[in-house]
2 protein chains.
Amino acid sequence: MELDALDRALLRELQNDARQTNRELAARTGVAPSTSLERVRLLRERGVITGYHAALDLDVAGRPVQALISVRVRPPARPVIEGFREWAARLPEVIGLFVTSGPHDFLIHVAVPDVDGVYAFVIDRLTERREIADVQTTMVYEHVRSPRIEPAAPDRPRTARRSR
Amino acid sequence: MELDALDRALLRELQNDARQTNRELAARTGVAPSTSLERVRLLRERGVITGYHAALDLDVAGRPVQALISVRVRPPARPVIEGFREWAARLPEVIGLFVTSGPHDFLIHVAVPDVDGVYAFVIDRLTERREIADVQTTMVYEHVRSPRIEPAAPDRPRTARRSR
DNA sequence: TTTGAAACTCATGCGGC
DNA sequence: GCCGCATGAGTTTCAAA
């Protein structure tokens, strides 16, 4: 599973704009269109690229208010954790969900039309669930997503010396 | 800025697969290709769709370990907040960043090759910054992103009665 | 593996509805 | 506003290097 310079360049380009034509992609990465086409096909096949997704503007889409809801469930056992995760991930307010270590078990990222929506989510939606032991709300003033995630550098071939 | 049923269907489809052909899109949404093409063009022009992005598998890309780093900066004034945000968002380990209310000012989502990478991020990277007053690390066991974000329902036209 | 060209599919703009 | 068709652009395949 090695990614060479061309794979990295293609990943950078496709994270930036997944709908550019294969010709543009080829021109930007300095190869023939048939080469970039084949490489991108392999990246998908190997599972490096999991999909292509349109990004929405939450403000324009009428959901400008974001919050992070910390939730502790009881008991913190697998069926409880997984059950809650599946339920929460399907709620329309939820745009992301972390299962975490620490005093809470979940951090739920919600986007709603207004501050009332946050309150309603917490006191209407979450209270449906009996396994919830604690809830704590944090408002999100701003959410920045990294526009380019780079694959980790592959392990260097090891020589006899541990370091130099 | 109203989004009708067709707009919503197109957004759903394009969030699911942004690279399907316009013909598929038209077939799935039950309109002619020229119609879906024009609607999608308008959705982009109006800023509802902000872009199309390839999604990477972090495990396959060699960055299977995720953490959330809470950071408090001092003083919590605009130039300090913005300066830190710009700096942090550019670090290669960072895949997302929240500016938040509450006891901390930032929640930084990082993805690294191993647990050492989390520790190195905290004690090597973050210590470069003098404005940091407090740091707290939470490990991420799992991160789920919602596959479909729906636009908020538009406000109902108001009648004289408040409710029925 | 990469390439260039051939065959085919698709996007795109416009006139009619 | 939506559709269907014509045209040009883009994708995809494959034999050769």
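Letters A, B, ... are given to chains in the order of the sequence lines, protein chains preceding strands, and every chain is numbered from 1.
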J.: Within the supplied structure, the quantity of interest is the number of heavy atoms (other residues, nucleotides, ligands) at a distance under 6.0 Å from A:R145 CZ; does it exceed 12?
T.: no
J.: Does A:R8 CZ have over 12 foreign heavy atoms under 6.0 Å away?
T.: yes
J.: Going through the checks in order, is the side chain to side chain donor-acceptor pair (under 3.5 Å) test met by B:D57 and A:T50?
T.: CA-CA 6 Å; B:D57 185 308; A:T50 60; over 6 Å; no
J.: Closest-nucleotide mapping onto DNA chain D: is B:L6 or B:R19 further toward the 5' terminus? I mean the 5' end.
T.: B:L6
J.: Can you pull out how bent the helix from C:dT1-D:dA17 to C:dC17-D:dG1 is, comparing the axes over its first five and last five pairs, to 10°?
T.: 30°
J.: Within the distance-only criterion (no hydrogens, no angle test), does the side chain of A:R63 pair as donor or acceptor with the backbone N or O of B:E150 below 3.5 angstrom?
T.: yes
J.: Can you measure B:Q20 atom CD to D:dT11 atom C1' for me and round it to whole angstrom units?
T.: 17 Å
J.: Under the side-chain contact (heavy atoms from CB on, under 4.5 Å) rule, what do A:V60 and B:R46 come out as? Steps first, then yes or no, please.
T.: CA-CA 8 Å; A:V60 178; B:R46 292 195 282 170; 5.6 Å; no
J.: Which listed nucleotide (D:dT11, C:dC10, D:dC2) is nearest to the side chain of B:T21?
T.: C:dC10
J.: Surrounding CZ of A:R148 (heavy atoms of other residues, nucleotides or ligands, distance under 6.0 Å), is the total greater than 12?
T.: no
J.: Counting only heavy atoms and a strict 4.0 angstrom limit, can you tell me which residues of residues 25-40 of chain B come near DNA chain D?
T.: B:V31, B:A32, B:S34, B:T35, B:R39
J.: Hey, are the side chains of A:F84 and A:I108 touching, using non-hydrogen atoms and a 4.5 Å cut-off?
T.: yes
J.: Rounded to the nearest angstrom, tell me the gap between atom CD in B:E24 and atom C1' in C:dC10.
T.: 11 Å
J.: What is the distance, rounded to the nearest whole Å, between atom CG of A:N22 and atom P of C:dT2?
T.: 13 Å
J.: Expressed in angstrom and rounded to an integer, what is the separation of A:R23 atom CZ from C:dT3 atom P?
T.: 14 Å
J.: Quick check: are there more than 12 heavy atoms from other residues, nucleotides or ligands sitting under 6.0 Å from CZ of B:R41?
T.: yes
